[in-house]
Amino acid sequence: MHYVSTRAKTDSSFASSSFSQILLEGLAPDGGLYLPADYPQVTGAELDAWRGLSYADLAFEILKKFADDIPSADLMALTRKTYTPDVYRNVRAGDDARRITPLRVLEDKDGRKLILQELSNGPTLAFKDMAMQLLGNLFEYELARQNAELNIFGATSGDTGSAAEYAMRGKKGIRVFMLSPHKKMSAFQTAQMFSLQDPNIFNIAVEGVFDDCQDMVKAVSNDLEFKARQKIGTVNSINWARVVAQVVYYFRGYLSATESNEQKVSFTVPSGNFGNICAGHIARMMGLPIDKLVAATNENDVLDEFFLTGVYRVRKSAETYHTSSPSMDISKASNFERFIYDLLGRDGARTSALFRKVETDGYFDLSGKPGSDGDEFRKVSEFGFESGKSTHQDRLDTIRLVKKEYGILIDTHTADGVKVAREHMRPGVPMIVLETALAAKFNETIREAMGTDAERPPGFENIEDLPQRYSVMQAEVEQMKAFIARNTGL
Ligand SMILES: *Cc1c(COP(=O)(O)O)cnc(C)c1O
């Protein structure tokens, strides 16, 4: 299995890479994103054989098609260490924790079937644990193999940072330096991150807003000499291993919802950076019988606009709304380039030109209208994509409705998914909504919708009372570099 960049020029020879080579990397050197040179295909016989597998063994079967340079026995040990009921233990009462991502049928009448797939039972109560926990184990394995070390440096406003810290805590050869805006996260999110006492985790509360944190990460990363000496890396959502780990639960969801491979299902995915739904696209390209992939956005509707018009128009930070589904407050979907590359028939030169145009002009247009950049919008439906949008009021209404009709309390992001899913259901095709977080994580809005607090899973009751370990710093680059160097000893 070889990997190519979405911006690789077809007329020049480019070095293709293996899974292990790109595991620790973000962007390809030409600024593109990595994708397999060809999508491995699954056969009906494989799907039949996989129906009864545990999540860990299913993950092994799928990952080995992409990571064929990791010895099978090692890869299986890694997936079995990652996908255990012990790690994913916040399963709702009555659901089977051994399934890791259990399905919950919400509605099943007159051929309409609406299902929730629980992806948020990991340590930080959001679906990012599904991939990040595997990444932690893969990184530790690969760094040991290379006798290397890695210092992860990032900024977070909530979900990603905590998922990364819980995945990397205690891992040999890895340190995490995570910036967050001082006193701007919810008490729950702050406690989740700052209560970690592991010596390889460094929480840095920056006197400023999230953009200041992000700017500091950019400034440090642009100092190439410092970056190399301090062995700085990232774990952002474009990392290929994160995307491929997410492919697994589309298979699990499909296999659990069907009895034969003649059946199809659709998925609705609460989307921000397009990482989650990109994994669904890859599963579909591998031959998984997915009918529709529905992207659900909140008020930040860049993706919905593209799937309705063929115009991809990114927003400036000032035009990005702060909403009650904050993990989807994204104005530029960093994984979208992977889909556009496939939509353009894998033309790296055109993909590169379009995303350079986004940098300069803020948009590209594939509508086929006079003056547009192409007419590939007409092909979008062949890839199964549809979309919809949800607002704060929709979120409140949907949280209430799902609680009243089905007795389940869902979080705000999942509510965006359910709202949009209900508009895209077709008779005879089960619709699976991916549950991207648990309600306890976004309690402020739950209280607004329900007038009561979300129940917390066991172990999280008094998380705000735990001792916290963090450093407060000014948004000052040199001071940050000194802090890193002092703690890495490099
Ligand atoms: C990250 C996140 C999303 C968006 O996922 P993408 O892969 O960025 O599209 C949705 N919901 C929650 C709760 C998240 O943490």
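What you see is a predicted model, and the numbers here were worked out from it, not measured in a lab. Note that ligands are numbered from 1 as they come in the structure, with each ligand's atoms numbered from 1 the same way. Just so it is clear, the values below take in all heavy atoms, side chains as well, and ignore hydrogens, waters and symmetry mates.
Residues in residues 152-171 take part in these salt bridge (Lys or Arg N to Asp or Glu O under 4.0 Å) pairs, two or more places apart or across chains: Asp159-Lys441, Arg169-Asp198.
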Full working for ring-ring contact (aromatic ring centres under 6.0 Å, His included) between Phe336 and Phe306: CA-CA 11 Å; Phe336 192 53; Phe306 175 80; 5.1 Å; yes
Using side-chain hydrogen bond (donor to acceptor under 3.5 Å, both in side chains), reason through Asn335 and Ser237 one step at a time and then give a plain yes or no. CA-CA 7 Å; Asn335 278 290; Ser237 82; 3.2 Å; yes
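In this structure, Lys332 does not pair ionically with Glu337, as no charged nitrogen and carboxylate oxygen lie closer than 4.0 Å.
Contact residues for ligand 1 (protein heavy atom closer than 4.0 angstrom to any ligand atom): Phe127, Lys128, Asp159, Pro270, Ser271, Gly272, Asn273, Phe274, Gly275, Asn276, Ser327, Met328, His413, Thr436, Ala437.
The shortest distance between side-chain heavy atoms of Asn298 and Arg395 falls below 4.5 Å.
Between Phe385 and Phe274, the distance separating the two ring centers is shorter than 6.0 angstrom.
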